[in-house]
Number of protein chains: 2
Amino acid sequence: MAEEPPLARAARLADVAELAGVSPATASRVLNGGHRGVREANRQRVLDAAKQLGYTANLAAQTVARGRGRGVTLLASGMPDDYANPVTAGVVAAAQRRGLPFTLISAGTEPADLVEAVNMARGNRPELLMLAGGRMADDATIPDLVDALQRYEDEGGRVVLITQKGLPFDTVAYANRQGGRDMAATLVELGYRDFAVISGLKHGLTQRERTEGFIDGLAAAGITLPADRVLIGQFDRDAAYALTGELLRRPIEVDAIFAVNDAMALGVLTFLRDRGETAPRIAVAGFDDIKALRDVTPALTTVHLPWESAADEALRMGLGPRSPEPQVSVIEGHVVVRESTPPLR
Amino acid sequence: MAEEPPLARAARLADVAELAGVSPATASRVLNGGHRGVREANRQRVLDAAKQLGYTANLAAQTVARGRGRGVTLLASGMPDDYANPVTAGVVAAAQRRGLPFTLISAGTEPADLVEAVNMARGNRPELLMLAGGRMADDATIPDLVDALQRYEDEGGRVVLITQKGLPFDTVAYANRQGGRDMAATLVELGYRDFAVISGLKHGLTQRERTEGFIDGLAAAGITLPADRVLIGQFDRDAAYALTGELLRRPIEVDAIFAVNDAMALGVLTFLRDRGETAPRIAVAGFDDIKALRDVTPALTTVHLPWESAADEALRMGLGPRSPEPQVSVIEGHVVVRESTPPLR
DNA sequence: GTGAAAGCGCTAACAA
DNA sequence: TTGTTAGCGCTTTCAC
């Protein structure tokens, strides 16, 4: 039985310095500071001492001393859902590639939660604060949000928005309207004529743009989509499932359904399957091209979005020099046709 | 044009105190410290001042002053994959429920990465450090890992392992062996006789236990599984896809395949579908019951694991008083029979 | 190249 | 109830 060390304390920089026989300043220089001038001999002793003591820099102390923490904090609204949030995955990967400490803060779903989460994130003083997630067009908390973020930038932090177009910060946005339009053109070309759209909450910007783009695209092909063909619910699979049922109960012809995201498309697909394949098979298209759906049958026609490069772009923006005007980088997707929308006839 | 404030600084506690006309100590008491005795009048003034200044506590400074940070840090090895890591999701949710700041650190896939990540996490001095992810039985870095974690506990931090059974720390483990055994019993009962197992890396503890449990279960039913019926590859979908092809190329009878996790089962399912449904349909079973697969066809028979409550249990352990001996909490799953394993005949 | 010393923003004894 | 005073561990001028 070894003596139980009753209450060890973490080794501090001072301990390392002492053991190495140098000053804290020197130890700091070799352990953290840019590899400036420290004589090789001392350098080695410090390194040895650090290893021997199992020294780990106290990041909090560094943050205090330096005035700003290292790393990226991603604020994602809502919980990580089952269809792995591709944005989060992309950012984690991108941050990892650059060796940046990554912190995920997930805010609740209420708009006010976001503001609160931003303030909490501010507390950590990360060098880059990224916000991801949809936003409501009529959100009353936007001024507060902008205010909090603005404050953060004024304090020297950086802010990058992903998906949150229209706010005065560097932004990576997806070409939602364009994608919707392209999808419409594609489906028309495949021979479909009677459409319905399964969309999310009325005021959500993302779904709204995708829906509008789709309608535009149909219009360009000479097709008018009656307003009652756009069904609205939550932005998720279950809502889509329910909405599809509602849609098919109506006495109308539908040969293709466009869901504004893949999760919802999955709901549609599942509903269609559950009710049994009746003769007139209905085509389904989504938006996002999330990987978790690649094994679904039938394979889903959707708008592919390059998540990884989008995340990379966001980091590039946020880590680069700050530009006087907010930059907006629009990421374009492209339609991928798969089995869920077979050519008609 | 408003004057550009050239270089604002974040409001500090001292600023708030000054504006409120009280001492920093008092301000600290109302803003952070337990709601102790502060005269209501002062209390209000501090609150007002804070709001007016847009004050956010500098968490790093608090951590330094208090000697320990608040919140939970989850160290997940590997990247968040497409089949949303259920452990991560569970912990995020559980932490959120308790209002605990949550940080996710994702380590690389090499064992050595884990150790490094632990040291990095130590730097943040979180009150609770959780490790999730599989572990190799023959991992040479285990002593280093244990050492780093031990150190952390000695310094006053808490460590909880999820899934990493067998290390001297509080642990939440899954009843892998049991689940495998139950699955075997279930399949036999359904009438299956000729089995194959698609498993992951030979030295992975999780997959090994599940495989052994399955074999035990078969044995208990009087069935011996030839060693060559256990195919081994990576712990993921793609490997399973390839292994299934390899398996079916052999001149043997197989009427059911047990994959050691759902992601792999998905690979099996997809391969089976891709090659076209030939007459003798092969049953498939998985393990985990991840939600992302709930819409797969045929619905997957699998071992359900209660992720949410497991995460809750982990937090409960880690946040509660430290017990002299490491606690191990075993979470049991149960077999859920779905369409992928129809009763034979 | 190296060290002394002054902070960074906050908390917590201890007095008052 | 409130303020004073030391720190917490680290970085960073600024001399030497």
Side-chain angles (χ1 to χ4, degrees), chain A residues 7-46 49-50 53-70 119 122-127 155-157, chain B residues 7-46 49-50 53-70 119 122-127 155-157:
Chain A
L7 191 54
R9 266 219 322 16
R12 298 156 308 163
L13 186 58
D15 300 328
V16 175
E18 185 181 20
L19 181 59
V22 300
S23 75
T26 298
S28 171
R29 287 191 262 257
V30 8
L31 257 16
N32 312 304
H35 24 256
R36 315 280 219 64
V38 172
R39 202 185 318 162
E40 184 53 27
N42 282 339
R43 195 184 147 60
Q44 234 1 285
R45 310 169 57 132
V46 171
L53 262 33
Y55 171 75
T56 323
N58 183 324
L59 266 28
Q62 289 190 158
T63 299
V64 174
R66 292 207 246 253
R68 184 146 303 281
R70 253 179 72 65
N119 284 326
R122 275 216 287 151
N124 284 311
R125 310 286 192 267
E127 52 184 315
E155 294 164 12
Chain B
L7 192 53
R9 265 213 331 9
R12 298 156 309 166
L13 185 58
D15 301 327
V16 175
E18 186 182 17
L19 181 59
V22 300
S23 77
T26 298
S28 171
R29 287 190 263 257
V30 8
L31 258 16
N32 312 305
H35 23 255
R36 315 279 219 65
V38 172
R39 199 186 318 161
E40 184 53 26
N42 281 340
R43 198 183 143 59
Q44 239 355 290
R45 310 168 56 131
V46 170
L53 262 33
Y55 172 76
T56 322
N58 183 325
L59 265 30
Q62 289 190 157
T63 300
V64 174
R66 293 193 172 126
R68 186 147 301 283
R70 254 179 72 65
N119 285 326
R122 275 217 287 149
N124 284 310
R125 310 283 192 272
E127 51 184 317
E155 294 164 12

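A note on names: the letters A, B, ... follow the listed sequences, proteins ahead of strands, and every chain is numbered from 1. What's counted below: heavy atoms across the whole structure, side chains too, no hydrogens, waters or symmetry copies.
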Exercise. So, for B:V46 and B:A27, which heavy atoms are closest and what is the spacing to 0.1 Å?
Worked result: CG1-CA, 4.0 Å

Distances under 3.5 Å between protein N/O atoms and the N/O atoms of nucleotides 14-16 of chain C, please, pair by pair.
none

Exercise. Under the 3.5 angstrom rule, does the side chain of B:D15 hit a backbone N or O of B:R12 as a donor-acceptor pair?
Worked result: yes

For this session: Look at the side-chain N and O atoms of A:T26 and state whether any lies under 4.0 Å from the OP1 or OP2 oxygen of C:dG3.
Result: yes

Seminar exercise, completed: The nucleotide from D:dG3, D:dT2, C:dG3 with an atom nearest the side chain of A:V22 is C:dG3

Exercise. Rounded to the Å, how far apart are A:R70 CZ and D:dT11 C1'?
Worked result: 15 Å

Exercise. Separation of B:R68 atom CZ from C:dA12 atom C1', in whole Å?
Worked result: 17 Å

For this session: List for me each residue that meets side chain to side chain contact (heavy atoms under 4.5 Å, CB included) alongside A:A25, sequence neighbours excluded, and say none if there are none.
Result: A:S23, A:R29

Exercise. Can you find a side chain N or O atom of B:N42 that sits less than 4.0 Å from OP1 or OP2 on D:dT1?
Worked result: no

Problem set entry | CA sep, side-chain torsions, deciding dist, call: A:N42, A:V30, side-chain contact (heavy atoms from CB on, under 4.5 Å) | CA-CA 9 Å; A:N42 282 339; A:V30 8; over 6 Å; no

Exercise. So, A:T63 side chain and A:L59 main chain: donor-acceptor pair closer than 3.5 Å or not?
Worked result: yes

Output a table of nitrogen or oxygen pairs between the protein and nucleotides 8-10 of chain D separated by less than 3.5 Å.
| from | atom 1 | to | atom 2 | distance (Å) |
| --- | --- | --- | --- | --- |
| D:dC8 | O2 | B:A65 | N | 3.3 |
| D:dC10 | OP1 | A:Y55 | OH | 2.6 |
| D:dC10 | OP1 | A:N58 | N | 3.3 |
| D:dC10 | OP2 | A:L13 | N | 2.3 |

For this session: Identify the two heavy atoms, one from B:R125 and one from A:A10, that lie closest to each other, and give their separation to 0.1 Å.
Result: NH2-CB, 3.9 Å

Exercise. Rounding to a whole Å, what distance do you find between A:R45:CZ and C:dG1:P?
Worked result: 17 Å

For this session: Mind running side-chain contact (heavy atoms from CB on, under 4.5 Å) on B:Q44 and B:E40 for me, showing each step along the way?
Result: CA-CA 6 Å; B:Q44 239 355 290; B:E40 184 53 26; 3.7 Å; yes

For this session: Nearest whole angstrom, please: distance from the C1' of D:dT11 to the CG of A:L31.
Result: 13 Å

For this session: For residues B:E127 and B:R70, determine if any side-chain heavy atom of one lies less than 4.5 Å from a side-chain heavy atom of the other.
Result: yes

